[in-house]
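Working notes for the structure below.
Atoms within a ligand are numbered from 1 in the order they appear, just like the ligands themselves. Position 1 is the first residue of the sequence; numbering continues from there.
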Amino acid sequence: MEKNFDVIIIGGGPGGYVCSIRLAQLGFQVACVESRKTLGGTCLNVGCIPSKSLLNLSENYFKVKNEFNNLGIESSELKLNLTKMMNNKNKSVLTLTKGVEYLFKKNKVTYLKGQGSITAKNTVTVIDDLKKKSNYKAKNVVISTGSLPTTIPGVKIDEKIIVSSTGALSFDKVPKELIIIGGGYIGLEMGSVWKRLGSNVTVIEYLDHIIPGMDKEISNEFLKILKKQGINFKLNSKVTTANVVKNKAVVDFTNNESAKRQRFEADKVLVAVGRKANLESLNLSKMNIKLDTKGKIKVDENFKTSVENIYAIGDVIRGPMLAHKAEDEGVVVAEIIAGQSGHVNYNTIPSVIYTSPEVAAVGKTEDELKKENIKYKVGKFPFMANSRAKVNNETDGFVKIIADEKTDKVLGAHMIGPHVGTMISEVVIAMEFGASSEDIARTCHAHPTHTEAVKEAALAVDKRPIHY
Ligand code: NAI
């Protein structure tokens with residue numbers, strides 16, 4: 001029997017579940033298809049959320065072990081119980097995924113469990129765990145199937161010894177030697193977790209710097225801090241093969257400049273060289289849904305694919321692979337389907353790396369502005385001169401604000417330091433409102449807070465910081 005819906009969303013991650021809820025709020029009959037056992041996609045199940053649990057706990061463990069004794073909080077017999085730590089992470093994940101299920105019930109979104117594909121015009125077929133096929137009719141379909149870890153030639157992920165982020169979130173013991181291929185978001189977040197829990201971590205990165213696309217000054221400072229924390233780096237190095245030999249991983253890599261070859265052994269290897277759009281089993285080519293040159297689904301500015309009434313959002317389309325970008329697109333596409341006007345401002349999408357210290361950015365980097373021939377001014381303020389950071393002994397890093405040379409309009413902000421992942425929101429809002437650096441500089445910031453570093457950086461754009 002075929003059931004009819006106004007919209008079927010394929011994929012229940014941050015893009016898909018948010019889109020489903022917004023559509024339901026707008027009065028549509030909505031169904032969301034999800035093949036994973038729980039809702040929430042990569043982000044809630046094997047990405048943002050479990051990694052943040054481990055980042056938080058490993059940071060606390062590291063501080064108690066290495067820093068607190070000097071600060072008057074003395075402890076003895078500190079013991080790491082990795083099983084408990086993992087259980088806590090799993091419990092947090094379960095609570096949040098169940099929370100999405102509750103929101104579906106509350107908003108009357110039908111939850112279809114199984115693998116969804118588009119099998120004919122306005123038809124979505126769902127195959128459940130028992131291989132039972134059911135067809136559903138929908139006036140509109142939104143594809144939000146997210147992304148999957150990718151690898152490089154010569155490296156096969158087995159999720160036991162050579163793992164993706166999914167495996168690295170569930171090691172049953174702390175690997176003695178951990179090699180990470182790729183110095184991007186995942187590599188550095190997971191590298192931080194396992195370093196703090198006791199692994200010897202080596203990051204092998206193809207480029208001569210970490211985090212491609214990031215402001216150069218921040219990237220250099222970040223590398224310096226991570227090295228100080230004891231993470232080893234092999235930059236400018238291309239991994240050619242990784243193999244498992246007698247329960248150990250053997251990784252071969254070549255220096256791009258000197259062509260010198262090296263071989264390292266490790267207990268585990270994390271492959272973190274990017275992700276690819278998850279388009280498996282959607283039946284795209286048969287439906288004539290076109291892809292772009294990067295192998296993602298081609299969409300117009302209204303998220304319409306090449307086929308009428310089929311939309312796509314999140315990691316399967318152009319733009320950064322970030323949960324909050326997918327969420328915003330989910331809301332906007334729902335409103336477009338409802339006949340409203342929708343718009344995502346891609347210039348104000350923040351990006352955050354949840355290491356310690358955190359790294360956060362929004363808007364343009366200096367390099368981008370130079371390329372675009374836009375003249376700009378820069379204001380910087382170090383956390384060393386921020387009283388709250390100072391008393392908390394977390395003085396690494398700085399805030400940098402970039403403003404247009406003539407109009408003073410804020411064009412970007414780049415931060416490394418304590419809590420900058422939360423603080424970046426202030427600049428995001430300022431940019432959404434078209435603020436100048438003077439607007440931020442003249443806004444009262446509570447004392448003593450880390451946010452005063454943003455105000456001071458804005459003052460520094462006009463060369464008048466007070467505390468530096
Ligand atoms: P990434 O694109 O951030 O970094 C991959 C790195 O691997 C790059 O630096 C690249 O130069 C390097 N690489 C590529 N081939 C290599 C080779 N043969 N040898 C050595 N290095 C090589 O990708 P990552 O870290 O896998 O993350 C995937 C996606 O997940 C990203 O798009 C990111 O936006 C998202 N993500 C976001 C997080 C956040 O917002 N905090 C956290 C984790 C992931």
Side-chain angles (χ1 to χ4, degrees), residues 13-15 41-56 146-157 162-169 179-193 202-214 216 219 222-223 226 232-242 251-256 261-262 264 269-278 294 296 314-328 346 349-362 415-416 420-422 424:
T42 299
C43 170
L44 262 70
N45 289 284
V46 286
C48 322
I49 296 300
S51 62
K52 261 80 267 174
S53 170
L54 295 182
L55 277 157
N56 179 50
S147 58
L148 297 167
T150 183
T151 187
I152 46 175
V155 180
K156 200 165 164 271
I157 295 171
I162 302 179
V163 301
S164 71
S165 49
T166 305
L169 286 166
I179 289 180
I180 297 177
I181 310 176
Y185 281 69
I186 293 178
L188 301 182
E189 285 187 2
M190 292 317 297
S192 294
V193 166
T202 303
V203 176
I204 308 177
E205 165 58 48
Y206 181 77
L207 301 171
D208 63 359
H209 59 276
I210 54 171
I211 314 281
M214 176 186 275
K216 283 278 156 56
S219 172
F222 191 24
L223 180 66
L226 292 172
N232 311 306
F233 285 88
K234 288 280 171 192
L235 298 180
N236 232 332
S237 300
K238 186 180 174 181
V239 171
T240 48
T241 54
V251 180
D252 288 305
F253 58 99
T254 311
N255 186 284
N256 295 333
R261 288 180 190 188
Q262 270 184 286
F264 279 5
V269 172
L270 163 61
V271 185
V273 293
R275 299 177 62 86
K276 60 174 185 214
N278 176 18
K294 291 188 171 154
K296 292 182 161 192
D315 287 4
V316 293
I317 65 163
R318 79 283 190 268
M321 289 182 165
L322 296 170
H324 45 280
K325 175 252 191 193
E327 287 185 42
D328 283 10
Y346 289 98
I349 293 179
S351 50
V352 178
I353 307 171
Y354 298 89
T355 43
S356 175
E358 291 181 341
V359 179
V362 63
M415 313 178 181
I416 179 164
V420 298
T422 305
I424 196 75

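Atom 29 (C) of ligand 1 has as its closest protein heavy atom Arg275 CD, 3.7 Å. For atom 1 (P) of ligand 1, the closest non-hydrogen atom of the protein is Gly184 CA, 4.1 Å. Val352 O, 2.7 Å is the protein heavy atom nearest to atom 41 (N) of ligand 1. Ranking protein heavy atoms by distance to atom 19 (N) of ligand 1, first place goes to Val239 N, 3.4 Å. Considering only non-hydrogen protein atoms, atom 44 (C) of ligand 1 sits nearest to Ile186 CG1, 3.3 Å.
For Tyr354, there are no ring-ring contact (aromatic ring centres under 6.0 Å, His included) partners two or more places apart in sequence or in a different chain. Scored by the ring-ring contact (aromatic ring centres under 6.0 Å, His included) test, Tyr206 finds no partners at all (sequence neighbours excluded).
Every N/O-N/O distance between Leu207 and ligand 1 stays at or above 3.5 Å. Here's the thing with Gly274: one of its N/O atoms is less than 3.5 angstrom from an N/O atom of ligand 1. Considering backbone and side-chain N/O atoms, Tyr206 comes within less than 3.5 Å of an N/O atom of ligand 1. Looking at Glu189 next to ligand 1, an N or O pair under 3.5 Å apart turns up. For ligand 1, the polar-atom distance check finds an N/O of Tyr185 within less than 3.5 Å of one of the ligand's N/O atoms.
You'll find the side chain of Met190 reaches within 4.5 Å of the side chain of Leu169, heavy atoms only. For the pair Ile349/Asp328, no side-chain contact is recorded, criterion being any heavy-atom separation below 4.5 Å from C-beta on. Side-chain atoms of Leu188 and Glu205, non-hydrogen and from C-beta on, never get closer than 4.5 Å to each other. Side-chain contact between His209 and Leu223 is absent, with no heavy atoms from C-beta onward closer than 4.5 Å. Within the 4.5 Å cutoff, side-chain heavy atoms of Asn256 are placed close to those of Lys238.
Residue contacts with ligand 1 for Ile211 are absent, since no atom lies close enough (heavy atoms, distance under 4.0 Å). With a 4.0 Å cut-off on non-hydrogen atoms, Tyr354 touches ligand 1 through its side chain and not its backbone. Only the side chain of Ile152 comes within 4.0 Å of ligand 1, counting heavy atoms alone; its backbone N, CA, C and O stay farther away.
The heavy atom nearest to atom 10 (C) of ligand 1, considering only Lys325, Lys276, Glu205, is found in Glu205. Closest to atom 15 (N) of ligand 1 by heavy atom, among Asn256, Thr355, Val273, Ile353, is Val273. For atom 40 (O) of ligand 1, the candidate residues are Val203, Leu322, Asp208; the nearest heavy-atom contact is made by Leu322.
The ligand atoms of ligand 1 that sit less than 4.0 angstrom from a heavy atom of Ile204 are 20 (C), 21 (N). When each atom of ligand 1 is checked for a heavy atom of Met321 under 4.0 Å away, the hits are 32 (O), 33 (C), 34 (O), 35 (C). Close approach to Gly182 involves these atoms of ligand 1, each under 4.0 Å from a residue heavy atom: 6 (C), 7 (O), 12 (C), 21 (N).
With hydrogens and angles ignored, the 3.5 Å screen pairs a side-chain donor or acceptor of Ser219 with a backbone N or O of Ile210. Side chain of Lys276 to backbone of Ser147: no donor-acceptor contact under 3.5 angstrom is found.
At least one heavy atom of Pro212 sits under 4.0 Å from some atom of ligand 1. Residue contacts with ligand 1 include Ser237, since one or more of its heavy atoms lies under 4.0 Å from the ligand.
One distance of note links CD1 of Ile180 with CG of Asn232; it measures 10.5 Å at 0.5 Å rounding. In this structure, the separation between CD1 on Ile181 and NZ on Lys234 is 15.0 Å, given to the nearest 0.5 Å. Once rounded to the nearest 0.5 Å, the distance linking CD of Glu189 with OG of Ser51 reads 5.0 Å.
A donor-acceptor pair shorter than 3.5 Å cannot be found between the side chains of Thr240 and Asp252.
For atom 5 (C) of ligand 1, a protein non-hydrogen atom is found at a distance below 4.0 Å.
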